[in-house]
Amino acid sequence: DIRRAEKIPARIEQYTGSMASGIACALYAETVKSWGESARNVYPPDYFVALFRILGSRAELWTVAYDQEPAAGIIVLYGKNILHYAFAFGKREYYQHNPHNLLLWQVCQAYAEKSTYLDLGASQNIAALEHFKKGFCPMEKKLITHTVPLSWKGKMWLASKNIRKRGKTS
């Protein structure tokens, strides 16, 4: 609910480069800590450092702060008329203020003239995430992915899929 988010006095800031990676790492670490035992697929801090270094101005961190306290952040990636909503993280105690709604709304307004689409990405069957994304009235599209297995186990799985696929078509 964007209306609830707009009622609370907040400071929105936009960062790129090394400043963005430092703030993103700190907010992400707090988010992971709140996940506790259920934390899976956690990115190392170097991931965000590399992301902002390699992508330069095409990667932006947007943050919202309440009472001088950074509460949430999102990372957006910009490329060829598409703005990608890549990461979101924040402190649970501020979620009642809908900080991610506010940030995404601000990003949409800032990029309305530059971008044709905002890619919200996959929801990974997480009901709350799907509900959040549907609040922006997106068009749903089928996602085509290409997977490169990096481990022996992954290569075996992919080989078994290809064998089964070839067997069905002949």
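Small disclaimer: the values here were computed from a predicted structure and weren't measured.
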side-chain hydrogen bond (donor to acceptor under 3.5 Å, both in side chains) partners of Gln106, counting only residues at least two apart = none

Please identify each residue that fulfils side-chain hydrogen bond (donor to acceptor under 3.5 Å, both in side chains) with Gln109, with sequence neighbours left out.
-> none

Could you list the residues that satisfy side chain to side chain contact (heavy atoms under 4.5 Å, CB included) with [X], not counting sequence neighbours?
X	result
Arg92	Ser34, Trp35, Tyr95
Tyr43	Tyr28, Tyr47, Phe48, Phe87
Ala59	Phe52, Leu55, Leu77

Residue list, ring pair (Phe, Tyr, Trp, His ring centres under 6.0 Å) with Tyr15, at least two apart or on another chain |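 With sequence neighbours excluded, Tyr15 shows a ring pair (Phe, Tyr, Trp, His ring centres under 6.0 Å) to no residue whatsoever.
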
How would you list, by chain and number, every residue that makes a salt bridge (Lys or Arg N to Asp or Glu O under 4.0 Å) with Arg53, sequence neighbours excluded?
-> none

What pair of heavy atoms forms the shortest contact from [X] to [Y], and how long is it?
X	Y	value
Gly73	Leu27	N-CD1, 3.9 Å
Cys25	Pro45	SG-O, 3.4 Å
Tyr66	Ala10	CE2-CB, 3.5 Å

Is a side-chain donor or acceptor of His100 paired with a backbone partner of Phe89 at a separation under 3.5 angstrom?
-> yes

Say you draw a straight line from [atom1] of [X] to [atom2] of [Y]; how long is it, rounded to the nearest 0.5 Å?
X	Y	atom1	atom2	value
Ile74	Trp62	CD1	CH2	8.0 Å
Leu83	Leu104	CG	CG	8.5 Å
Tyr78	Arg58	OH	CZ	6.5 Å
Lys33	Thr31	NZ	OG1	10.0 Å

Within-4.5 Å side-chain heavy-atom neighbours: Ile12 and Thr63 = no

Side-chain contact, heavy-atom cut-off 4.5 Å: Leu61 with Thr16?
->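 A side-chain contact is absent here, since even the closest heavy-atom pair is not under 4.5 Å.
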
Which pairs, with at least one residue in residues 93-104 and sequence neighbours excluded, count as a salt bridge (Lys or Arg N to Asp or Glu O under 4.0 Å)?
-> none

Tell me the salt bridge (Lys or Arg N to Asp or Glu O under 4.0 Å) pairs involving residues 59-70, sequence neighbours left out?
->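 Counting only pairs at least two positions apart or across chains, the salt bridge (Lys or Arg N to Asp or Glu O under 4.0 Å) contacts touching residues 59-70 are Glu69-Lys91.
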
